[in-house]
Amino acid sequence: MNLLSKRYEPLALEEEILDFWKKQKIYDKTLEFRSKGPRWNFLEGPPTTNGFMHVGHARGRAMKDAQLRYMTMRGYNVWRRGGWDMQGLPVELEVEKNEGIAEKGLIESDVGMDVFVQKCKELVDFYLERWVNDSIRLGLWLDYPSAYQTRKDDYIEHVWHFLKLANENGLLGRGYRVNPICPRCVTALSGHEVSQGYMVKTDPSIYVKFKLVGKENEYLVIWTTTPFTLISNEMVSVHPKYKYVKVKVDGESWWLVEDLVVEVMHKAKKESYEIVESLPGKKMLGWKYEHPFKEEVPFHQVHNEKYMHAVVTGTHVTVEDGTGLVHTAPGFGPDDFNVGREFDVPVLAPVNNTGKFTSEVPMFEGRLVFDTNPEVPRLLEKKGLLVHEETLDHEYPHCWRCDTPLIYLADKSQWFLRMTGVRERLVDENTKVEWTPEWAGTGRFGDWVANADDWCISRSRVWGSPLPVWVCDDCKEEIVIGSRKELKEHAIKFPDEFEMHRPWVDEVVLLCEKCGGEMHREQFVTDCWLDSGIAHTASVDYLKDPSLFNQLFPFDFITEAVDQSRGWFYSLLYTSVVMHDKAPFKACVSQEHVLDAEGGKMSKSRGNVVWAEDALADIGADPFRVFVLTRSASWSRMNYDKKEIDLTRKKLDVLWNVVLFTETYMDLDNFKFDEKRMMKTLPKANLEDKWLLSRLQTVIKEYHEQMGKYLWHQAGRVLLEFISEDLSRVYLPLVKKRVWLDSEDPKKVMAYDVIYYTLQTFLRALNPFTPFLCEKLHKDFLVRFAEDLPESINLTDMPMSVDKLIDQEMEKTFEVLQELRSASSHARNKKGVKLRHPVAKVVLIAEDEETSKRAESLRDLLLDDLNTRDFEVQRTDVMAEFTRLSIKPNYKALGPRYKDMMKQLVLKLQEVDAVKLRRDLERGKAEVVVAGKKLKLVDGDVEFEESLPDHLSFAESKIGKLYVDVTRTKELEAEGLVRDVTRRVQVMRKELDLKVEQSIDLVLYFSDEEAVELAEMFKVHLTNETRAQTMELVGPKKQPTWKKYSYVKEWEIDDLTLKVGMSPL
RNA sequence: GGGCCCGUGGCUUAGACUGGUUAUAGCGCCGCUCUGAUAAGGCGGAUAUCGCGCGUUCAAAUCGCGUCGGGCCCA
């Protein structure tokens, strides 16, 4: 009886297996089973519990699971604690949206920060549950109950511990940072967030002149697309090496870069102008100018440092657009800021974090900066300083959440972690990591670490790890707290209800040890990358008890998508090097993203995101896993296309069908697998048995090599190819006859043993890829036909290749077989001779001696397989003598010369000896006699074609030429007919859904007496093949009584009509 | 603005590091065929200026430079 369903149905199967795993606690049993093994430690990169799992996440998680299952079956005690990244801005934004809070001010007033934080927790817990469900559905085996959560106090304490340590090492600092801020969300954005929000923005583009101090009518001409920043202009930058020129125009002198003179003058509509002087930029250093808004902005009246309102030099200046003189406002751009620092100019940043001017700019106080953009040119115009005004469409960063244009703004209160002092260690430690692919680490990540800026870790938000810095109200003394215990020791006010989140932590007041004053907390939370970055330590409760950490650190393996290079990979490395002076992971596999079917980026706004839950419910976890694991290399991007997945699924269908086939016959014969028996009888086994076992071992070897390099796509492809190419396409057809045998033939048992052994080995190797399918086939197939197998395939060992079974010569021999098969099919095809019809002879003209020997050794097998009566291998082309050379006249060459004699000439050419003519042509004295005239022929007048006589067909192959002799004899005719008939009877048996061993009564009616005669020749054979108890063969002379038969059907075989009647007994 | 990856029949892709016969394979299409595991398989056919341009070379899908397009990272 078949326990397996007729068809592979992943959805039902996976549901059953999930239930089996749960009820039988299989995962826990694997932990116990491997508890004595050597450790292999995986550090889970915590998914953000904000939003649901999409197919891109699921691909990464499939990779993780494949690796984890593989290592477990290799005997390792695998550490695989789950983890969740639960804090950060996106969570707050979603809560704001859900609660209808538009601005941050409302968080604190209307809703209350404690309620707000509660909502954040509820939200992340909601997503966490969904993530766990989806992960389990995918088959990802992690420790979920003990998973670390970055929002827990115990976890956050590690962040504090780290920051205190960093501070002690002089790495924690505060100061000016120029950050892109969103005035609506009131927050700084990370570079990652900025790059997600580039959109086209239309801005004013204005050219402005600044009057040089102490010169008459002499000006610097600058350009900007953010007029409001002119108010905070402090310098003008020039490139030290570029050539700048003084241009006389309308009685004034303008300075600008030489390359852009024509363009600027054209825009300013100045037709007559004259270049009167030129010098390199560096000569302009220190030239002072009058600030256009000196009267309106007090800051510009107070400050007059050496390079304030002066020309400075910098290599960031380009001549792509503008004037070559770059307006520089250190408060409003990272480049500008660096220039300001270099030339020691104080920063003017008169804008608050909601994007509005402060009282430092009385004329615009309280107004959004972008709103003043149109007014600034008007003011300049009045002052006579506007040279030209237009608008410009350009890519400008917008908030990726709310589409508000960002402002680059200097903020002096931000906290950051320095690169100075640790950079070399980071670079050095990174070189010790085994990256896959190599360039992801050495190139992309390595270059980035080598050039990374200081890391700004402060965020003016609520839902995050609080920055553990308290500042004295009086003397401004600062203290960095490293733990809850330490906090309590310093506290003079501590809330009854406490947790390490705002607002509770803000209520803690500390005593200043320096002046005795009160210390309050800096109201920042930290960058959430810092949370996940500390996972190497916090995820194993290092502070409570470091012994586990000591066992696991550094972790053996991590894998995440490329965007984590600058995120998690970096934050892990930085924090680990500071804390433990060591990279926290030994190997890292970089993944690329999953795109939509057309190769476009998946994004919520485009609406093309495919959620993991939907994909898994639609196609099943195993087909999904196979697709994402084998489709492309982990580091290559992948297009997610449902149509392509359906194709991948077919490969699993083949596996299912192979098992189904074997199950049917093993069941009939009450087979039990016995490995010792197989090994003992192996020397006497058939060629194909030895070959399959050899192929299997070669495949397993290749599989391990690829897995060892984390090349899952290669390992998976090797396995899938084996199933369809070797097992299903080559081996099974060869053994079908054997399993048909009725008796207890040792050859049959051998075939069963070989198939069983192959499937057992194969399924274990495949388990990391399709754990559901493999578990099912283990449970309901492997266990059934062997003794003493554990209940789960996950409790078995990964098979390693058995070298003694590898026979390379045999594998090469079978490659010859494959070639012979396709060449023979080709040759038959040319003559329209079906494979069912036997041929008299097949001759191979082998390319070399080795092929010849190999083909010869296959002789017995080939007679059957190629359905030929005889098979011959020759080293020289003995068949060439049968080759006929025919002459094809070239009408284009002959026509013009012989005109009306052509008809006769063509007829004559069919008669002449082609071989002789070719020889004569080569000698240059060919001629034919037509109607008594000698006609001369030259090279090119005719072409020669080789052709075979009708009874021969021919095909070229990699191993040599193949001739097939298709001569028909009565005997061969009969055999072909019998096979035609047999097949049709078999189809009818199947249509009646008869059991394989079911007997029948059979009558065959032929529309042609000769066919009856032919069929009689093979009556015994026919009876056996169709399992007929009684059989009647009749022709047109006698009509059987069709009523006697329960199933009657008429067939057309070429010109013959066949009517079949059968009754099951 | 800078860096990295990618571009191969209608579609999906191998090959590129290490230049060398007719560019790999699958899907789809057309014709033929096999089948008592198979919604499968086999044979043949049509479909590719290997994104474009320039260069190096006896020889370029492969190496170099440039350019266009897609994706990612950073500013």
Side-chain angles (χ1 to χ4, degrees), chain A residues 2 4 6-8 178 180 190-192 194-196 316-318 320-321 333-335 338 395 397 408 437-440 443-448 451-453 561-567 590 592-595 597-601 631-633 635-639 641 643-651 653-665 714 717 721 724-725 727-730 732-733 736 739-740 818 821-837 867 955 979 982-983 985-998 1025-1027:
Chain A
N2 286 46
L4 301 173
K6 268 274 180 235
R7 293 249 299 281
Y8 168 48
V178 177
S190 68
H192 171 65
V194 173
S195 62
Q196 284 186 25
H316 63 288
V317 176
T318 66
E320 301 265 311
D321 39 30
D335 283 338
N338 290 335
E395 291 274 307
Y408 282 87
E438 203 189 330
W439 51 258
R444 192 165 54 202
F445 186 59
D447 288 351
W448 191 75
N451 298 306
D453 278 335
V562 272
D563 50 318
Q564 302 295 328
S565 294
R566 279 69 193 218
S590 172
E592 247 294 353
H593 289 121
V594 174
L595 309 174
E598 282 76 44
K601 194 180 169 179
R631 180 75 176 162
S632 57
W635 59 87
S636 301
R637 69 204 154 80
M638 190 184 79
N639 298 353
D641 190 346
K643 278 184 289 183
E644 296 292 324
I645 296 177
D646 289 338
L647 298 177
T648 310
R649 210 206 106 139
K650 284 186 179 170
K651 295 179 179 167
D653 286 335
V654 173
L655 173 60
W656 186 265
N657 290 326
V658 167
V659 177
L660 205 63
F661 167 80
T662 24
E663 186 202 20
T664 307
Y665 292 101
Q714 302 283 24
R717 287 175 191 176
E721 234 167 77
S724 65
E725 300 296 319
L727 188 54
S728 170
R729 202 177 289 176
V730 179
L732 283 191
K736 267 184 185 172
V739 301
W740 258 105
Q818 282 296 82
R821 277 183 168 181
S822 60
S824 149
S825 298
H826 191 179
R828 278 170 167 273
N829 209 291
K830 278 184 185 172
K831 291 280 174 190
V833 181
K834 299 174 182 184
L835 183 59
R836 238 181 292 138
H837 294 130
N867 198 15
R979 284 181 69 152
T982 310
R983 198 194 128 227
V985 174
Q986 305 292 31
V987 170
M988 286 173 69
R989 287 182 61 110
K990 198 177 180 184
E991 280 165 359
L992 286 180
D993 208 16
L994 297 187
K995 287 260 162 57
V996 170
E997 65 276 18
Q998 172 78 54
E1025 285 292 308
T1026 59
R1027 304 226 170 191

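Each chain gets a letter, A, B and so on, in the order its sequence line appears, and its residues count up from 1.
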Listed partners of A/R717 passing salt bridge (Lys or Arg N to Asp or Glu O under 4.0 Å), at least two apart:
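Salt bridge (Lys or Arg N to Asp or Glu O under 4.0 Å) check on A/R717 returns nothing, list empty.
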
My understanding is that only residues two or more places apart in sequence, or in another chain, count here; which of them pass salt bridge (Lys or Arg N to Asp or Glu O under 4.0 Å) with A/R979?
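A/R979 satisfies salt bridge (Lys or Arg N to Asp or Glu O under 4.0 Å) with no residue once adjacent residues are dropped.
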
Between [M] and [N] - [atom1] atom distance, rounded Å:
{"N": "B/rG71", "M": "B/rG9", "atom1": "C1'", "answer": "24 Å"}
{"N": "B/rU13", "M": "B/rG19", "atom1": "C1'", "answer": "22 Å"}
{"N": "B/rG45", "M": "B/rG3", "atom1": "P", "answer": "48 Å"}
{"N": "B/rC34", "M": "B/rA61", "atom1": "P", "answer": "42 Å"}
{"N": "B/rU49", "M": "B/rG2", "atom1": "C1'", "answer": "34 Å"}
{"N": "B/rU62", "M": "B/rU8", "atom1": "P", "answer": "14 Å"}
{"N": "B/rA60", "M": "B/rG15", "atom1": "C1'", "answer": "14 Å"}
{"N": "B/rC27", "M": "B/rC74", "atom1": "C1'", "answer": "39 Å"}

What pair of heavy atoms forms the shortest contact from [X] to [Y], and how long is it?
{"X": "A/R729", "Y": "A/R821", "answer": "O-NH1, 3.6 Å"}
{"X": "A/Q998", "Y": "A/R1027", "answer": "O-CB, 3.8 Å"}
{"X": "A/P733", "Y": "A/S728", "answer": "CD-O, 3.3 Å"}
{"X": "A/L4", "Y": "A/E663", "answer": "N-OE2, 3.5 Å"}

Contacts of A/R649 that satisfy side-chain hydrogen bond (donor to acceptor under 3.5 Å, both in side chains) - sequence neighbours left out:
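In terms of side-chain hydrogen bond (donor to acceptor under 3.5 Å, both in side chains), with neighbours along the sequence ignored, A/R649 is linked to A/D653.
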
Comparing A/D653 and A/R717 on RNA chain B - which has the more 5′ nearest nucleotide:
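Here A/R717 is the residue nearer the 5' end.
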
For A/V654 and for A/V987, find the nucleotide of RNA chain B with the closest heavy atom, then tell me which residue's nucleotide is more 5'.
A/V987

Paired with A/L727, the side chain to side chain contact (heavy atoms under 4.5 Å, CB included) test is passed by just one of A/L655, A/V658, A/V654, namely A/V658

Expected output check: what is the dot-bracket annotation of RNA chain B, where ( ) and [ ] are pairs inside the strand (brackets for crossing ones), | is paired with another strand, and pairs are Watson-Crick or G-U under 3.5 Å?
(((((((..(((.......[....))).(((((.......))))).....(((((..]....)))))))))))).

Tabulate protein N/O versus nucleotide N/O from nucleotides 28-31 of chain B, keeping only pairs under 3.5 Å, one per line.
none

Go through B/rU35, B/rU38, B/rG41 for me and flag the one nearest to the A/S728 side chain.
B/rU38

Out of B/rA14, B/rU35, B/rA37, which has the shortest distance to the side chain of A/V658?
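The closest nucleotide is B/rA37.
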
OP1 or OP2 of B/rA39 less than 4.0 angstrom from a side-chain nitrogen or oxygen of A/R7, does that happen here?
no

What is the distance from CE of A/M988 to P of B/rU35, rounded to the nearest Å?
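Taking atom P of B/rU35 as the reference, CE of A/M988 is at 17 Å.
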
Kindly write out the residues that satisfy side-chain contact (heavy atoms from CB on, under 4.5 Å) with A/T664, not counting sequence neighbours, or none if the list is empty.
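For A/T664 the side-chain contact (heavy atoms from CB on, under 4.5 Å) partners, ignoring immediate neighbours, are A/N2.
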
List, with names and distances, any nitrogen or oxygen atoms from the protein found under 3.5 Å away from nitrogen or oxygen atoms belonging to nucleotides 4-6 of chain B.
| unit_1 | atom_1 | unit_2 | atom_2 | d |
| --- | --- | --- | --- | --- |
| B/rC6 | O2' | A/R637 | NH2 | 3.0 |

